[in-house]
Amino acid sequence: QVQLVESGGGSVQAGGSLRLSCVRSGPTISSHAMGWFRQTPGKEREFVASVGWNEVNTHIADNVKDRFTISRDNFKNAVYLQMNNLKPEDTAVYYCNEDRFSEVDLRHPYDSWGQGTQVTVSS
């Protein structure tokens with residue numbers, strides 16, 4: 001049974017930085033794309049960033065492209081989201097997930113989601 005556990009959230013002021021971590025537990029190392037989504041109350045979960053298994057293919061949502069970077073450490077079975085110059089609109093619960101099929105893109109995440117990690121940015 002694979003579990004994804006997110007951490008690293010917190011409360012920061014606008015302009016601050018946070019680094020989110022997601023560790024994947026399970027019998028095997030993921031060979032699929034992994035990445036991050038976020039959700040605020042009353043809104044649908046939205047894609048933030050993904051990184052392919054080879055760490056070459058990355059996709060970042062346009063609204064965070066200049067501020068967020070994604071990376072992964074396959075030896076640690078982990079994926080990270082570095083968030084700089086945070087804005088109040090980045091406030092959300094952040095979730096990680098992996099693709100069910102693709103080594104490159106995160107278009108088909110698993111249906112189950114972890115607890116997420118709360119990010120709160122104050123102005």
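What you are looking at is a predicted structure, and each value in this text was computed from that prediction instead of being measured. Excluded from the calculations below are hydrogen atoms, water molecules and symmetry mates; all remaining heavy atoms, backbone and side chain alike, are included.
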message: Is there a continuous path of hydrophobic side-chain contacts, each under 4.5 Å between heavy atoms, that joins L106 to V93?
response: yes

- prompt: Shortest non-hydrogen contact from L4 to M34?
  reply: CD2-CE, 3.9 Å

- prompt: Partners of V119 by side-chain contact (heavy atoms from CB on, under 4.5 Å), sequence neighbours excluded?
  reply: L18, L20, M83, Y94, V121

task: Kindly say whether R24 contributes a backbone atom to a donor-acceptor pair with the side chain of N77 at under 3.5 angstrom?
output: yes

query: In this structure, are over 12 heavy atoms from other groups packed under 6.0 Å from R107 atom CZ?
result: no

query: Given the rule in the side-chain contact (heavy atoms from CB on, under 4.5 Å) test, do I70 and V79 qualify, once you have shown the distances and angles that lead to the verdict?
result: CA-CA 7 Å; I70 188 169; V79 62; 3.9 Å; yes

query: Are K65 and D62 ion-paired here, with the side-chain N under 4.0 Å from a carboxylate O?
result: yes

query: Which atoms form the tightest heavy-atom contact between R72 and S30, and what is the distance?
result: NH2-O, 3.5 Å

field: Same cluster (ILVMFWY, side-chain, under 4.5 Å), Y80 and I60
entry: no

query: Quick one: salt bridge (charged side-chain N to carboxylate O under 4.0 Å, His left out) pairs with a partner in residues 46-57, sequence neighbours left out?
result: R38-E46

task: Determine the minimum heavy-atom distance between R67 and N85, stating which atoms define it.
output: NH1-O, 3.0 Å

field: Close side-chain approach of N63 and E89, heavy atoms under 4.5 Å
entry: no

- line: So ring-ring contact (aromatic ring centres under 6.0 Å, His included) across residues 36-61, not counting sequence neighbours, yields F37-F47, F37-W113

- prompt: If you measure from OG1 on T120 to CG on D90, what distance do you get to the nearest 0.5 Å?
  reply: 11.0 Å

message: I'd like to know if the side chain of S50 reaches the main chain of G35, judged simply by a donor and an acceptor atom lying under 3.5 Å from each other, with no hydrogens or angles considered.
response: no

Expected list for residues 10-17: side-chain donor-acceptor pairs under 3.5 angstrom, two or more places apart:
residue	atom	partner	partner atom	Å
S17	OG	N84	OD1	3.0

message: side-chain contact (heavy atoms from CB on, under 4.5 Å) for V5 and Q115? Distances and angles first, verdict last.
response: CA-CA 7 Å; V5 180; Q115 295 296 311; over 6 Å; no

statement: By side-chain contact (heavy atoms from CB on, under 4.5 Å), F101 pairs with (sequence neighbours left out) D99, H108

- prompt: Between V51 and Y95, is there a shared hydrophobic cluster once you connect ILVMFWY residues whose side-chain heavy atoms come closer than 4.5 Å?
  reply: no

query: Tell me the disulfide bond (SG atoms under 2.5 Å apart) pairs involving residues 4-77, sequence neighbours left out?
result: C22-C96

